[in-house]
Every structure is written in structure tokens, then in C-alpha cells.
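Only one structure is covered here, and it is reproduced in the block below.
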Amino acid sequence: MEAPAPTTPAIGFPTDGRCNYFVEKKKRFCRMVVAAGKRFCGEHAGSAEEENARKRILCPLDPKHTVYEDQLAKHLKKCNSREKPKPDFFIQDINAGLKDETEILEQLVPLSSLSEEQLETLIKKLRKASEGLNSTHEDHIMSHPALHDALNDPRNGDCAVKHLKQQASILGNIEKLKLLGPRRCFVEFGAGKGKLSHWVDIALKDAENVHFILVEKVTTRFKVDGKHRKKNSVFERLQIDIQHLCLNLALRCLVETYAASFKEKDEEPLAKRVKNDKTEKESNTLAKEGSEKDVPETRTPVAGIVIALCCHHRCDWRHYVGKEYFKALGLGAVEFYYFQRMSSWATCGMRTSLEASDVTAERKDAQKDEEEEHDDVGDRLTDGSTDSLPGTLTVEEKKKIGHLCKLLIDQGRLQYLQQKGFSPALQYYTDPLVSLENVLLTAVPAHLSSQEKNQSVKGNMNMMSSTSKK
């Protein structure tokens with residue numbers, strides 16, 4: 001029997017109806033659809049003989065793409081990079097923190113330019129500041145029935161399974177904190193495709209009046225938002241940097257509003273204060289469902305926070321919420337600058353050791369996937385923190401120092417949350433074979449008793465995030 005013809009053309013030829021321009025960097029032909037009778041898409045038509053009469057220039061708003069010079073005025077009105085009207089929830093730098101000491105950081109040299117003595121001094125400060133801190137956390141590696149079928153789907157590759165395991169554990173921890181329930185607003189920061197909210201929605205089944213807010217600063221392809229058709233849940237996507245997001249969310253703006261909600265009438269009993277708060281406009285929940293009489297006296301603005309911590313090397317002093325903690329230890333912007341860069345050693349050391357040791361291909365693939373997911377390899381190499389460090393630090397020593405840096409930065413976050421009325425905790429939520437960034441930060445209002453934590457709290461907001469850089 002004759003084999004069926006292949007459904008895709010040979011790799012050396014362009015696809016019918018697609019651009020004939022060969023993209024040298026990607027080693028393939030452009031996949032853009034061309035107009036009838038044309039061989040090239042608009043982006044590459046300038047290189048074709050048939051379009052030589054029209055000149056293409058770089059777009060002044062975004063030099064990553066070009067435009068016909070004679071259509072520039074028309075293009076600028078619809079270019080995706082044009083400045084758009086600011087939405088109601090946009091307030092410039094509302095969550096950015098103060099600009100104090102940022103000028104100092106601009107004058108600092110890269111980590112690789114430090115002398116051995118300077119590096120040794122920094123490490124001594126780090127070890128002294130970390131004395132007494134518990135460097136290990138409890139294992140809270142969990143799963144959830146909502147992801148059972150997906151985890152056992154043979155069509156999923158290793159990378160997909162890795163992400164599913166992380167999402168299943170995060171969802172299991174959310175449920176353990178009694179945060180899954182009706183009449184709630186779930187906010188997912190760094191939402192990407194929105195898969196975490198997707199699984200939360202599935203786990204909630206027929207729960208009533210559930211609102212999801214997906215916050216992502218960049219345009220995302222292959223979103224799963226369109227898969228949600230339940231009448232009882234509403235999905236809303238906000239394309240904005242958290243730095244400018246006025247929803248009283250993320251670590252700083254979320255807990256500041258939570259603390260302020262009980263500050264005005266501090267002399268009154270808690271139950272009375274919360275009862276009086278029912279009459280206030282619940283603008284920070286974004287969920288307009290229900291009437292005020294449906295809100296019980298145990299209502300709090302934020303029911304809980306769950307953040308998968310990673311990318312400590314991308315933190316910066318201005319945005320960091322643990323400044324007071326650092327200053328109390330005699331540390332400041334300069335030490336933070338170098339500690340956050342050295343934090344990448346926690347995973348860089350593992351990468352180097354993997355390349356030099358006889359480990360399974362699966363483990364190496366997991367490491368590669370982790371680097372691609374967080375896109376931090378370029379930062380590490382640019383900083384010179386892996387290959388050109390002064391001194392004679394071994395891979396294992398770098399790894400331990402990197403973990404201490406992460407621990408110290410996270411400890412500042414814990415203290416910040418405690419000061420704002422939360423009971424925070426750090427735990428391992430997945431195996432390091434699944435993700436090298438396997439620490440989960442959780443927090444619930446400290447005033448809630450164990451009994452209250454088990455009760456359904458209406459009209460609350462739950463914060464979820466896959467990353468944290470503040």
C-alpha cells in the first residue's frame with residue numbers, strides 16, 4: 001500500500017500561501033500569509049524585486065518591525081507599540097516604592113569586577129545576616145484531582161508534565177489554606193497563558209460568583225482564557241506592569257490596603273470594625289456581585305496570598321518590600337544589589353555541576369527548561385557571575401551562597417507581611433527535579449483564628465502568582 005503524501009512541505013521549501021522570505025536566524029521560511037498574487041509578506045516585501053519601488057523603514061515606535069515609508073502616518077495610528085490611553089486602574093509607579101538610593105546603584109561595578117577582598121567582605125556580611133535563619137523549609141508537595149487527567153495524559157511531554165505538577169501543587173496548597181470557595185476574586189500575577197486560573201476554575205466546579213483577574217504586562221499567545229464558558233465565573237485580563245497597577249494588589253499595594261482597612265477605627269473591636277467596613281465601596285475586589293447584606297462580619301479584603309518565588313536576581317532595591325529588614329541588619333542598597341546577583345548561583349551552580357557530572361538526561365532537560373522558563377541565563381552571563389568570578393569559590397560554595405541570598409531576600413518579605421497583619425510561611429511546593437525554583441510563599445490574615453480559617457469568607461480576594469520580583 002502506498003504511503004500517504006506528507007501533510008507538510010519539505011523543510012527546504014516555503015509553504016503555499018506563505019511568505020517566500022528565508023529567515024536566516026531561524027533557518028526557515030517566514031510563515032506569514034501573503035496577499036493574493038504576492039510572494040512576500042509586507043514585512044519582507046522590501047527585499048523583493050516586485051516591491052523595490054516602495055521603501056520600507058524602521059517603525060519609530062518599535063524598531064523591531066518595519067513599515068512602508070509612504071504609509072508611516074497611517075501605521076502610527078494603529079501600531080501596537082503606540083501609547084494607548086491609560087485605563088482607570090493605571091497610576092504611574094504606584095507600586096514602585098521610593099526612588100531613594102537608586103542613584104547609588106547606577107555607580108556600582110558588576111559582580112565580576114569586584115576584587116577578592118570585596119567579594120569576601122560581602123560574603124561575610126551575608127553569612128552574619130543569615131545567622132539563625134532556618135535554611136530549610138517544610139515539604140508541602142501536593143496535588144489536586146482537577147489535574148489528574150492532564151497529569152496522566154500520555155500526549156503531554158516532560159516539560160508540560162513539569163508545569164502541570166507545579167500548578168497541581170500550587171492548587172493543592174491553595175485548597176489547604178481554605179482559599180477555594182464561591183464569591184471570591186482570584187488575581188493571578190504574571191498570568192502568562194492563564195493556566196493557573198484555568199485549573200482553579202476547574203477545581204471550583206459550580207461555585208457561584210467567582211471572578212478571575214489575570215495580570216500580565218506583555219501580550220501573550222495561546223491564552224486559555226477562551227476555554228472558560230461557565231456562567232458563574234468571569235475572566236478579565238489586564239495588560240499592565242504591576243508597578244503601575246492600582247488594584248491594591250501584589251505584595252506592597254495588596255497588604256497596604258489590607259492594613260489600612262482596620263486602621264481608621266483602631267480603637268473599636270475587630271468584629272465591629274469589619275462590620276462597619278461592609279458599607280464601604282468594595283472597589284478593590286472588582287467583583288460587583290451580591291449585596292452588602294450577604295457579606296459576613298468575618299470579611300477581610302484579602303483572604304490569602306500564594307506566590308511561587310523565583311528570579312531573585314531580577315529584584316531591585318526600589319521595588320523590594322523588605323528594606324526595613326535589611327537596614328535593621330546594617331545592610332542597604334549596595335549589599336542588596338550584589339546579593340540579588342549572587343542569588344543566581346543557587347541554580348547556576350547546579351547547572352555547572354550537571355554539565356560536569358554523570359546525571360540522567362531527564363534531569364538535564366529539567367534544568368534547561370527551568371532556564372528557558374525564567375529567561376535568566378543571559379542575565380547570569382552578562383553579569384559575569386558564573387565564569388569570571390574572583391577568588392577560588394567552588395561550585396558547591398557558590399550554590400550555598402546563592403541559597404543564602406535567596407533566603408535573606410525572602411526573609412525580608414516575611415517580615416514585611418508580618419508587619420502588615422499577615423501570617424506568612426515558606427515551604428517547598430515541588431521537587432527540585434521538577435523545578436529548581438521550588439519555594440512557595442503563602443500568607444493568610446494573622447487575626448483569623450484556626451476556626452475562622454475553616455469558615456467560608458465571602459467577597460474576598462486571593463492573590464496568586466508564579467513569580468515574585470518585589
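Side chains are part of it too, since the values below use all heavy atoms of this structure and drop only hydrogens, waters and symmetry mates. We number each residue from 1, following the sequence as shown.
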### Message
Among residues at least two apart in sequence or on other chains, which ones pass ring pair (Phe, Tyr, Trp, His ring centres under 6.0 Å) with His148?
### Response
none

### Task
Start with the C-alpha distance between His144 and Ser169, add both sets of side-chain angles, then the distance that settles side-chain contact (heavy atoms from CB on, under 4.5 Å), and finish with yes or no.
CA-CA 7 Å; His144 196 279; Ser169 184; over 6 Å; no

### Message
Less than 4.5 Å apart, side chain to side chain, heavy atoms only: is that true for Leu151 and Asn156?
### Response
no

### Task
For Phe336, check ring pair (Phe, Tyr, Trp, His ring centres under 6.0 Å) against everything at least two apart and list the hits.
Trp317, Tyr320, Phe326

### Query
From His312 NE2 over to Leu309 CG, what is the distance, rounded to the nearest 0.5 angstrom?
5.0 Å

### CG on Leu177 to CD1 on Ile305, rounded to 0.5 Å
11.0 Å

### Task
State whether a side-chain donor-acceptor pair under 3.5 Å links Thr430 with Gln166.
no

### Message
Quick one: does any side-chain atom of Gln419 pair with a main-chain N or O of Tyr416 as donor and acceptor, under 3.5 Å?
### Response
no

### Query
By side chain to side chain donor-acceptor pair (under 3.5 Å), which residues pair with Asp153, not counting sequence neighbours?
Arg155

### Summary
Between Ala191 and Leu214, the two heavy atoms sitting closest are CB-CB, 3.7 Å

### Message
Does Asp206, at its CG atom, have more than 12 non-hydrogen atoms belonging to other residues, nucleotides or ligands within less than 6.0 Å?
### Response
no

### Query
Which residues satisfy the ring pair (Phe, Tyr, Trp, His ring centres under 6.0 Å) test with Tyr338, sequence neighbours excluded?
none

### Message
One pair to check against side-chain contact (heavy atoms from CB on, under 4.5 Å): Leu440 and Ile170. What are the steps and the verdict?
### Response
CA-CA 8 Å; Leu440 191 72; Ile170 293 174; 4.2 Å; yes

### Query
Is any side-chain heavy atom of Leu417 less than 4.5 Å from a side-chain heavy atom of Leu441?
yes

#### Entry: Phe422 side chain reached by Val302 side chain, heavy atoms, under 4.5 Å
yes

#### Entry: Straight-line distance of Gln239 CD to Thr220 OG1, nearest 0.5 Å
7.5 Å

### Task
Kindly indicate, with the supporting measurements, whether the criterion side-chain hydrogen bond (donor to acceptor under 3.5 Å, both in side chains) is fulfilled by Gln418 and Ser423.
CA-CA 6 Å; Gln418 289 171 345; Ser423 178; over 6 Å; no

### Task
Can you see which heavy atom on Arg127 is nearest to which on Leu404, and at what distance?
CG-CD1, 4.1 Å

### Side-chain donor or acceptor of Arg184 paired with backbone N/O of His211 under 3.5 Å
no

### Query
Can you name the side chain to side chain contact (heavy atoms under 4.5 Å, CB included) partners of Glu335, sequence neighbours left out?
Leu122, Lys125, Leu331, Phe339

### Task
Determine which pairs satisfy salt bridge (charged side-chain N to carboxylate O under 4.0 Å, His left out) with at least one residue from residues 400-412, sequence neighbours left out, and list them in order.
Lys406-Glu437, Asp410-Arg413

### Task
Please lay out, stage by stage, how Leu393 and Trp345 fare under the test side-chain contact (heavy atoms from CB on, under 4.5 Å).
CA-CA 11 Å; Leu393 291 174; Trp345 294 357; 3.8 Å; yes

### Summary
In this structure, CG of Leu61 is separated from OG of Ser81 (nearest 0.5 Å) by 6.5 Å

### Partners meeting side chain to side chain donor-acceptor pair (under 3.5 Å) with Arg221 (sequence neighbours left out)
none

### Message
Just to verify, what does Asp139 make a salt bridge (Lys or Arg N to Asp or Glu O under 4.0 Å) with, not counting sequence neighbours?
### Response
none

### Query
Between Thr136 and Tyr428, is a side-chain contact (heavy atoms from CB on, under 4.5 Å) present by the stated rule, with each step listed?
CA-CA 9 Å; Thr136 59; Tyr428 297 122; 4.3 Å; yes

### Query
Is the number of heavy atoms from other residues, nucleotides or ligands under 6.0 Å of Arg82 CZ greater than 12?
yes

### Message
Within this structure, what is the NE2-OG distance for the pair His403 and Ser135, rounded to the nearest 0.5 Å?
### Response
9.5 Å

### Task
Check for a donor-acceptor pair, side chain of Lys195 on one end and backbone N or O of Lys223 on the other, with a separation under 3.5 Å.
no

### Task
Return the set of residues passing side chain to side chain donor-acceptor pair (under 3.5 Å) with Glu208 (not counting sequence neighbours), or none when no residue passes.
none

### Message
Contact between Phe189 and Ile307 at the side-chain level, heavy atoms closer than 4.5 Å - yes or no?
### Response
no

### Query
Given side chains that start at C-beta, do those of Asn209 and Val234 come closer than 4.5 Å, heavy atoms only?
no

### Gln340 CD to Ile409 CD1 distance, which is reported to the nearest 0.5 Å
6.5 Å

### Heavy-atom donor-acceptor pair, Asn173 side chain to Val306 backbone, under 3.5 Å
no

### Query
Is the count of non-hydrogen atoms from other residues, nucleotides or ligands lying under 6.0 Å from Asn80 atom CG greater than 12?
no

### Note, Gln427 side chain near Thr442 side chain (heavy atom, < 4.5 Å)
yes

### Query
Of the non-hydrogen atoms in Arg18 and Val34, which two are nearest, and what is the gap between them?
C-CG1, 3.8 Å

### Query
Which heavy atom in Ala308 sits nearest to a heavy atom in Tyr429, and how many Å separate them?
CB-OH, 3.7 Å

### Query
Tell me, do Leu407 and His137 make a side-chain contact under 4.5 Å, heavy atoms counted?
yes

### Message
I need the minimum non-hydrogen distance between Glu216 and Gly192, along with the two atoms involved.
### Response
OE1-N, 2.9 Å

#### Entry: Shortest non-hydrogen contact from Cys41 toward Cys19
N-SG, 3.4 Å

### Query
Between the side chain of Thr347 and the main-chain N/O of Ser344, is any donor-acceptor distance below 3.5 Å?
yes

### Task
Could you list the residues that satisfy side chain to side chain donor-acceptor pair (under 3.5 Å) with Asn438, not counting sequence neighbours?
none

#### Entry: Those residues that, when tested against His198, pass ring pair (Phe, Tyr, Trp, His ring centres under 6.0 Å) (two or more places apart)
His228

### Close side-chain approach of Leu147 to Gln167, heavy-atom, < 4.5 Å
yes

### Task
Can you sort out the partners of Arg237 under salt bridge (Lys or Arg N to Asp or Glu O under 4.0 Å), two or more places apart, ordered by chain and number?
Asp225

